[in-house]
Each structure stands twice: as C-alpha cells, then as structure tokens.
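Here's the structure we're looking at; comments come further down.
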2 protein chains.
Amino acid sequence: MKLYKGSHKHLVAVDCIIFAYDIAEKEIKLLLIKRSIEPAKGKWSVAGGFVQDDESLDAAASRVLKRLTGLDHMHLSQSSTYGSLNRDPGARVISVSYSALIKIQDLSPDAAGLYHAHWRSILKLPELIFDHGTMVADALENLREQIKRKPVGFELLPEKFTLVQLQDLYEALYQRPVDKRNFRKKILAMNILEKLDEKEKETSRKGAWYYRFIRERYQVLTRNGFYFNLDVN
Amino acid sequence: MKLYKGSHKHLVAVDCIIFAYDIAEKEIKLLLIKRSIEPAKGKWSVAGGFVQDDESLDAAASRVLKRLTGLDHMHLSQSSTYGSLNRDPGARVISVSYSALIKIQDLSPDAAGLYHAHWRSILKLPELIFDHGTMVADALENLREQIKRKPVGFELLPEKFTLVQLQDLYEALYQRPVDKRNFRKKILAMNILEKLDEKEKETSRKGAWYYRFIRERYQVLTRNGFYFNLDVN
DNA sequence: CCAAAAGTGTTCGAATTACACCCATGA
DNA sequence: TCATGGGTGTAATTCGAACACTTTTGG
C-alpha cells in the first residue's frame, strides 16, 4: 500500500547544539565541528547530519552526536525546526535542532582532537555556516529562560560543586553580577542541595564547601506543586 | 551539482493547531477537520498537509490552513516537530506543528460548513488521529505558559472586550477561579488597556465597560524592560 | 600577620494575597 | 423593588533588593 503518492520528499537533518560550562574560565562553551563535506567544507558548524529512513528524529540526533563527538547517552531536547528554502546552499534541507547541556568532563580528554570537535566560548563564536548562528542564538535564549525556572544549571556542573561555582555559572549565563547573599539564601531555601563534608581547596585558602543536587528531593517537591524560580536580582 | 546524494528523503507535513475563545460559552475551542484521505479517512484531526518542494515550512502552514479552513493571514508560530517512525500508519511522515490564536469571528460564519472545519471545546475533544492528541496537549501547555508572560490573551478576544470577559478567558485556560479585584488591579496597573466610552449590555442590566488593548503602548513599555506578568492567584 | 576568597543577616519597600459590600439597571 | 452581574479598597503578609563585615587559612 503506497499512500501519499505524489507528495514531495525532503532531506531532513538534525543539528546538535551542545553547551558545556567551563568552571575554570567561568564561561559557557559551545561544541563546534569543522565541516567535512561540501558545501562550506572546513567551515565551523554545530554537529549535524541527515535523518535516515529507519530512525526517529531523536535517534538521529543521538547517532549524529555520537559519531561526530563520541558523546553518548546525552539528554538531547528538541529546540526548533528550520525550513527556509535556501538555508543550505547545497540543497533544500529541513533541519531540526536539538540542544543538550553536558558536564565538560563527560567529554573524554582526547575526544576533541579525535573527532575534530572544539569547544568555543559563546562570547566569541566564529562565523558559523548557514543559519547555525541563528540556531545557536535561539537555543541560548531558550537556555537562559530555562535556567530561571528549572534546575538545569546542575546539568552543567559536576556532581560536587560549590555555591560559588553555581553562582558563577548563573553570572556567565546572564552576563551580569548576582548578589551573593540573596543567591545563596534563595537556592538554599529550596532545600534541594545537600552540603557535603568536603571542601574545594583549589581556589582559596579557606576552601568552599561542596554541595550536591538532590534530584529525588526536587522531584518530590515538584510533584507537590513546588516551583523552581532562580530569577536573580 | 548534486550534493548530499544517497541521503534518504522524507515526507514532511505541517499541522496547524488553531485555538479560539468562545466568549459566550467561556471555553477555549480547537479547530478540527474531518480527514479526507486514507488512512484514517473521516476521523478527526487538526488541519495538516504536506510541505511542497518550493515552500518554506511557515509558508506551507499558511497554505494548508487557508486551503482547509479559509483562514488567511494568521499569525502561526512553530511549536514542535514530531518524528517517531510509526506516528502515521500510512507512511513515515515527519510533522512540524504550528499553532495560532484567533478571534472566533475571524472565521466567516459559513466557512465551517464549507470547509468541514469544526470548533470543539478543548475540554471535550474527540479522539484525534495519530499523535495529534499529543500535539494539541503540547501546544496547549505552551499556551498556558505564554499567557502568563505575554499579552496573548488579546489575540483571542475581539477588539473591544470587558474586563469580565478577559478574566473569564484566564479562568477558562487555567481551569480555576481568579480573584476579581486582584485581577483587575494587576491588569489595569500595566497601563496597556484603554477604557472606551461604551458598555457591553448583553449580559447584564448594569452593563460592563468595554476596553481596548493598546498594542503600541505595550510595545513601548516592552522596549523599556517592562515585563508582562499575569500570573494570577 | 596578611592577602584572598568564603560565608553570613537585617532592613526597607514593593508586590501579592485574602476578603465583602455597594452600584446601576431593566424588568 | 428586587434580582443580576459589575465594580471597588484595605490590611496583612510575603518576597525581593540593597547592602558590609567577619571568618578561615596558607604562605
């Protein structure tokens, strides 16, 4: 049974916008790939590829990301779909963008070299191919909205982190300073962090206490109508 | 020059989720179509169709909506893209959903009959084909979030409306009562409504003052960092 | 002992909530 | 005149913003 005959078919791609947070540099970084095929071969792009016959969009995004970067089991979430006629000069391609937040240490140290993947600060991005600049801008705006209302910040930090690091992350995203006392008051009042018996001693003599995000406690609160709101200053 | 050869091509559809507000019934309604082709011919669906070779996704959505309902110049905004393998039993189809808010009087009175389009309350929707139920649920959730932070409510009301009607709309969306005095205080304090010299006299002896949304004033405020927030009770 | 970063409370104004009665009118 | 729906204000509380000093410790 052949249905829908006569309807035009399209090339469909997925593009993965991967953000990570660099604790040392206090910068959000974006994963970029040197494009290996024409057109625009050698130019910077996000990790993308075509959707195959026998895979869902979500599966395609995971596969493409794994192939280009080695990153596996990422929590990719669909962002937006781009379908202007001439967005890709090589052919008419419809592209579905996905984004993910990762802990930078999840990328094995040599993977970057191995896969021609590079991390670049979102503050100094190079020119990207096609409409990838727009895709990134859209995803970033979405991330900035999300982080106010969902505890997505913890996806970008290691298991153990200090309150100073968490605050630095918010400042990196908002690009403005945040009041330390108000920030701590607010996040601690949510009761979703556990203070550990261990200090981070690299960056100060005094040392800063490590904390841990308690996902289970957050989920219980959520079920009871708790509303995460870290809209600071 | 044939690039990207060997990559699989896909059927791509757009589906339009059109919401309207029925002032008299105080209900949000959804535009449904009796499907005219196999599979699932005669079943309820939202307005959809395939994307052609020479049109953008946005253009396809407008065209499809116009053809099926007569609705023209709608402000459609892209919601989400659905790409599971078996979502459409007829073939592998990737579908991009769009949604729009319209004033119910924008639909010419006989258009419904003419085009086999029907308005159904979102509270008692029939079974929809494929994953259209999910699409609608997703769009509705999005609308509920939006209406808190953007003055989208005015898209659903006629040019002139009363504060009671506006409040009824919010209650229809939230499905819970809203405090009358606090609601009025908040919306009037925003200074984006103009009281007209005219009363709505159909529903009460006293009559309720008509108001008008002043889009220009809203836009000026927005530019100055004003933040619409009608998160009530 | 001192430099450097971590940690800690209070006050003030604004915003949000809860709540009940009077008003205007047509029938 | 009365039934119906429209319109109004205030007090109590909570929330958000601003703000500066003390603590710890390795060198």
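A, B, ... follow the sequence lines: proteins, then strands. Residue 1 opens every chain.
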Please report, rounded to the nearest Å, how far the [atom2] atom of [N] is from the [atom1] atom of [X].
X        : N      : atom1 : atom2 : result
B/Leu196 : D/dG6  : CG    : C1'   : 16 Å
A/Arg181 : D/dT22 : CZ    : C1'   : 11 Å
B/Leu188 : D/dG6  : CG    : C1'   : 13 Å
A/Glu202 : D/dG27 : CD    : P     : 12 Å
B/Gln167 : D/dT8  : CD    : P     : 13 Å
A/Asp179 : C/dT10 : CG    : P     : 16 Å

* **Atom pair OG/CD of A/Ser80 and B/Gln78 - distance to nearest 0.5 Å** =>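 Answer for the OG-CD pair, A/Ser80 versus B/Gln78, is 4.5 Å.
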
* Asked: Going from CG on B/Leu140 to CZ on B/Arg144, what distance comes out if it is rounded to the nearest 0.5 angstrom?
  ->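 Nearest 0.5 Å value for the CG-CZ distance: 4.0 Å.
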
* B/Phe213 and B/Phe161 aromatic centres sub-6.0 Å -> no

* Asked: A/Phe183 and A/Tyr170: aromatic ring centres closer than 6.0 Å?
  ->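 Yes, the ring centres sit under 6.0 Å apart.
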
* Under the salt bridge (Lys or Arg N to Asp or Glu O under 4.0 Å) rule, collect the residues that match up with A/Lys43, sequence neighbours excluded. => none

Close N/O contacts between protein and nucleotides 10-15 of chain D (under 3.5 Å):
{"unit_1": "D/dT10", "atom_1": "O4", "unit_2": "B/Lys185", "atom_2": "NZ", "d": "3.0"}

Return the polar atom pairs (N/O with N/O) between nucleotides 2-7 of chain C and the protein under 3.5 Å, or none.
{"unit_1": "C/dA6", "atom_1": "N3", "unit_2": "A/Lys206", "atom_2": "NZ", "d": "3.1"}
{"unit_1": "C/dG7", "atom_1": "OP1", "unit_2": "A/Trp209", "atom_2": "N", "d": "2.9"}
{"unit_1": "C/dG7", "atom_1": "OP2", "unit_2": "A/Arg184", "atom_2": "NH1", "d": "3.4"}
{"unit_1": "C/dG7", "atom_1": "OP2", "unit_2": "A/Arg184", "atom_2": "NH2", "d": "2.7"}
{"unit_1": "C/dG7", "atom_1": "N7", "unit_2": "A/Lys180", "atom_2": "NZ", "d": "2.7"}
{"unit_1": "C/dG7", "atom_1": "O6", "unit_2": "A/Lys180", "atom_2": "NZ", "d": "3.3"}

* Can you list the residues that meet the side-chain contact (heavy atoms from CB on, under 4.5 Å) rule with A/Asp58, with sequence neighbours excluded? ->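 So A/Asp58 forms a side-chain contact (heavy atoms from CB on, under 4.5 Å) with A/Ser56, A/Tyr98.
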
Please table the atom pairs, donor to acceptor, closer than 3.5 Å between any side-chain atom in residues 128-138 of chain A and protein atoms at least two apart or in another chain.
{"unit_1": "A/Asp131", "atom_1": "OD1", "unit_2": "A/Arg87", "atom_2": "NE", "d": "3.3"}
{"unit_1": "A/Asp131", "atom_1": "OD1", "unit_2": "A/Arg87", "atom_2": "NH2", "d": "3.0"}
{"unit_1": "A/Asp131", "atom_1": "OD2", "unit_2": "A/Arg87", "atom_2": "NE", "d": "2.7"}
{"unit_1": "A/His132", "atom_1": "ND1", "unit_2": "A/Val46", "atom_2": "N", "d": "3.2"}
{"unit_1": "A/Asp138", "atom_1": "OD2", "unit_2": "A/Tyr82", "atom_2": "OH", "d": "2.6"}

* So which pairs with a foot in residues 187-204 of chain B pass salt bridge (Lys or Arg N to Asp or Glu O under 4.0 Å), sequence neighbours left out? -> B/Lys160-B/Glu198, B/Glu194-B/Arg212

